[in-house]
Number of protein chains: 2
Amino acid sequence: MSEVMGLDPADWAMWREMTTMRSSVDRALEQRLQRDAGISGADFDILHSLSVAEGNRLRAGALAESLGWEKSRISHQVRRMADRGLVERADCPTDLRGTWVVLTAAGADAFATASCGYVETLQGVLFSKLDEDDRASLRRVARTVVDGLLATDAQPSPTR
Amino acid sequence: MSEVMGLDPADWAMWREMTTMRSSVDRALEQRLQRDAGISGADFDILHSLSVAEGNRLRAGALAESLGWEKSRISHQVRRMADRGLVERADCPTDLRGTWVVLTAAGADAFATASCGYVETLQGVLFSKLDEDDRASLRRVARTVVDGLLATDAQPSPTR
DNA sequence: ACTCGGTCGTTGACGTGTCACCGGTATGGC
DNA sequence: GCCATACCGGTGACACGTCAACGACCGAGT
């Protein structure tokens with residue numbers, strides 16, 4: 001019971017360090033976004049997706065898919081952002097069930113204000129510390145792990 | 001505006017992939033814990049810290065420090081876990097302000113049940129995909145990034 | 001003994017993410 | 001046209017994390 005059962009202690013230590021790194025970086029980004037533009041990381045993700053979208057608007061479902069979020073999460077987040085004037089809802093004429101989420105001028109401003117600091121922070125805390133080998137390794141690992149999980153999820157009964 | 005301003009598109013893609021990897025792995029772990037033992041990842045972290053502690057008990061502050069959580073988060077989490085019988089609170093005789101958090105038999109059982117699947121999942125989705133170079137790279141990156149952030153936080157006025 | 005700054009843990013309010021479920025709408029087969 | 005089915009997005013309840021503020025307590029200096 002001195003360590004977690006059946007796992008290489010070095011691997012366990014690495015897992016802990018990765019967890020710490022992740023929360024530290026997230027924290028730095030959140031704080032920077034809050035300070036620069038008064039928005040959260042989730043706000044930023046939505047604003048980014050809308051900014052790169054055709055006509056600065058997306059259907060709620062497309063937004064969910066582009067971010068890998070659940071639809072209900074999108075709905076809650078968009079409602080809160082609409083309350084603050086960062087986005088607007090609009091009815092979809094071709095599908096009465098659908099909803100467009102549209103970037104407002106205020107939302108575009110907030111994104112423009114925020115993105116510079118966001119990139120700067122990311123560059124400062126993460127990318128500047130990586131050499132080419134690290135980049136290749138990270139990218140390969142991320143892709144392999146995600147692909148592995150997608151393959152597992154696709155199976156009818158993945159475990160047990 | 002086609003990509004986020006001033007950042008190498010490859011770096012941006014890597015960041016996205018890292019984010020996806022993180023949430024996928026977290027998701028797999030959460031689901032496994034829920035299925036095996038009916039506990040959350042936060043529950044597991046607390047149970048693990050208590051399991052390796054002397055006498056299966058820790059002061060709330062020590063728990064917070066060992067996990068890098070805020071004290072209030074510990075307090076909320078412990079209250080919820082105490083409601084479910086996974087831990088108990090006990091007064092500290094040497095410091096009347098203090099509180100011991102004590103692992104119960106039910107908590108120890110839940111941790112024993114959960115840890116095997118947790119390790120198995122982690123091994124399956126992550127560690128099994130890593131070679132020695134990846135491990136070294138990840139470990140070095142994690143440590144460098146965290147150290148960098150600690151140094152930044154220590155400064156009186158890091159940015160602007 | 002007293003006071004005062006610091007520490008311990010808790011609480012309430014708030015924003016957030018997930019889950020189960022719902023009403024309204026589209027769509028393909030009849 | 002009609003109907004079963006699937007889909008779209010929203011809602012409410014709940015668990016979670018953060019923040020600011022608090023009461024209780026410790027300990028050092030006087």
Side-chain angles (χ1 to χ4, degrees), chain A residues 19-20 22-24 26-35 37-47 57-84 86-102, chain B residues 19 22-24 26-35 38-47 57-84 86-102:
Chain A
T19 302
T20 304
R22 174 189 68 170
S23 48
S24 304
D26 276 359
R27 204 176 176 69
L29 287 172
E30 292 278 350
Q31 287 177 350
R32 184 65 187 263
L33 287 175
Q34 200 62 51
R35 184 164 67 82
I39 64 175
S40 68
D43 294 334
F44 183 80
D45 290 340
I46 297 274
L47 294 177
R57 64 184 57 211
L58 280 174
R59 288 282 294 270
L63 206 42
E65 195 179 2
S66 81
L67 294 171
W69 291 7
E70 302 196 2
K71 285 182 301 181
S72 81
R73 182 179 174 186
I74 294 286
S75 184
H76 286 305
Q77 185 69 35
V78 166
R79 177 176 42 73
R80 290 186 296 251
M81 291 175 73
D83 289 346
R84 289 184 291 147
L86 297 172
V87 299
E88 277 175 358
R89 293 171 198 264
D91 293 337
C92 173
T94 67
D95 186 338
L96 294 187
R97 300 168 301 181
T99 307
W100 287 100
V101 182
V102 189
Chain B
T19 301
R22 175 188 69 171
S23 48
S24 305
D26 276 359
R27 205 175 175 70
L29 287 172
E30 293 277 352
Q31 286 177 350
R32 185 65 187 263
L33 287 175
Q34 199 63 50
R35 185 163 67 82
I39 63 176
S40 69
D43 294 334
F44 183 80
D45 289 341
I46 297 273
L47 294 177
R57 67 185 55 212
L58 279 174
R59 287 282 295 270
L63 208 40
E65 194 179 1
S66 81
L67 293 170
W69 292 6
E70 301 195 2
K71 285 182 303 179
S72 80
R73 182 177 174 188
I74 295 287
S75 185
H76 286 305
Q77 185 68 36
V78 166
R79 176 176 44 71
R80 291 186 295 252
M81 292 176 72
D83 289 346
R84 289 183 292 145
L86 297 172
V87 299
E88 278 175 358
R89 294 171 198 264
D91 292 336
C92 173
T94 68
D95 187 337
L96 294 187
R97 297 168 302 180
T99 308
W100 287 100
V101 182
V102 189

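Numbered from 1 within each chain, the chains take letters A, B, ... in sequence-line order. These values consider heavy atoms only, across backbone and side chains, with no hydrogens, waters or symmetry-generated copies.
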Tell me, do [X] and [Y] make a side-chain contact under 4.5 Å, heavy atoms counted?
X	Y	result
A:Trp69	A:Asp45	yes
A:Arg32	A:Arg35	yes
B:Ile39	B:Met81	no
B:Gln77	B:Arg80	yes

inquiry  = Main chain of B:Ser40, side chain of B:Asp43: is a donor-acceptor contact present, judged purely on distance under 3.5 Å?
reply    = yes

Closest of C:dT11, D:dT11, D:dC26 to the B:Leu96 side chain is D:dC26

Which of C:dT10, D:dA13, C:dA13 is nearest the side chain of B:Arg89? It is C:dT10

A:His76 (side chain) and D:dG9 (base): donor-acceptor pair under 3.5 Å = no

CD1 of B:Ile46 to CG of B:Leu67, rounded to nearest 0.5 Å, is 5.5 Å

Give me, pair by pair, the N or O atoms of the protein and of nucleotides 14-16 of chain D that are less than 3.5 Å apart, along with how far apart they are.
residue, atom, partner, partner atom, Å
D:dC16, OP2, B:Arg80, NE, 2.7

[X] [atom1] - [N] [atom2] separation (whole Å):
X	N	atom1	atom2	answer
B:Arg35	C:dC19	CZ	C1'	19 Å
A:Gln34	D:dG17	CD	P	19 Å
A:Ile39	C:dT16	CD1	C1'	15 Å
A:Asp91	C:dG24	CG	P	15 Å
B:Glu65	C:dC8	CD	P	10 Å
A:Asp83	C:dC14	CG	P	15 Å
A:Ile74	C:dC19	CD1	C1'	16 Å
A:Phe44	C:dG15	CZ	P	22 Å

Anything under 3.5 Å between a donor and an acceptor, one on a side chain of residues 93-102 of chain B, the other on a protein residue two or more places apart or in another chain? List them.
residue, atom, partner, partner atom, Å
B:Asp95, OD1, B:Arg97, N, 3.0
B:Asp95, OD1, B:Arg97, NE, 3.1
B:Asp95, OD2, B:Arg97, NH2, 2.9

B:Cys92 and B:Arg59 have their tightest heavy-atom pair at SG-NH1, 3.5 Å

Between B:Trp69 and A:Arg79, the residue closer to the 5' end of DNA chain D by nearest nucleotide is A:Arg79

Worksheet item: Using a distance-only test with no angle check, is there a side-chain donor-acceptor pair under 3.5 angstrom linking A:Arg79 and A:His76?
Response: yes

Give me the distances for all protein-to-nucleotides 2-8 of chain D N/O pairs that come in under 3.5 Å?
residue, atom, partner, partner atom, Å
D:dC7, O2, A:Arg97, NH1, 2.8

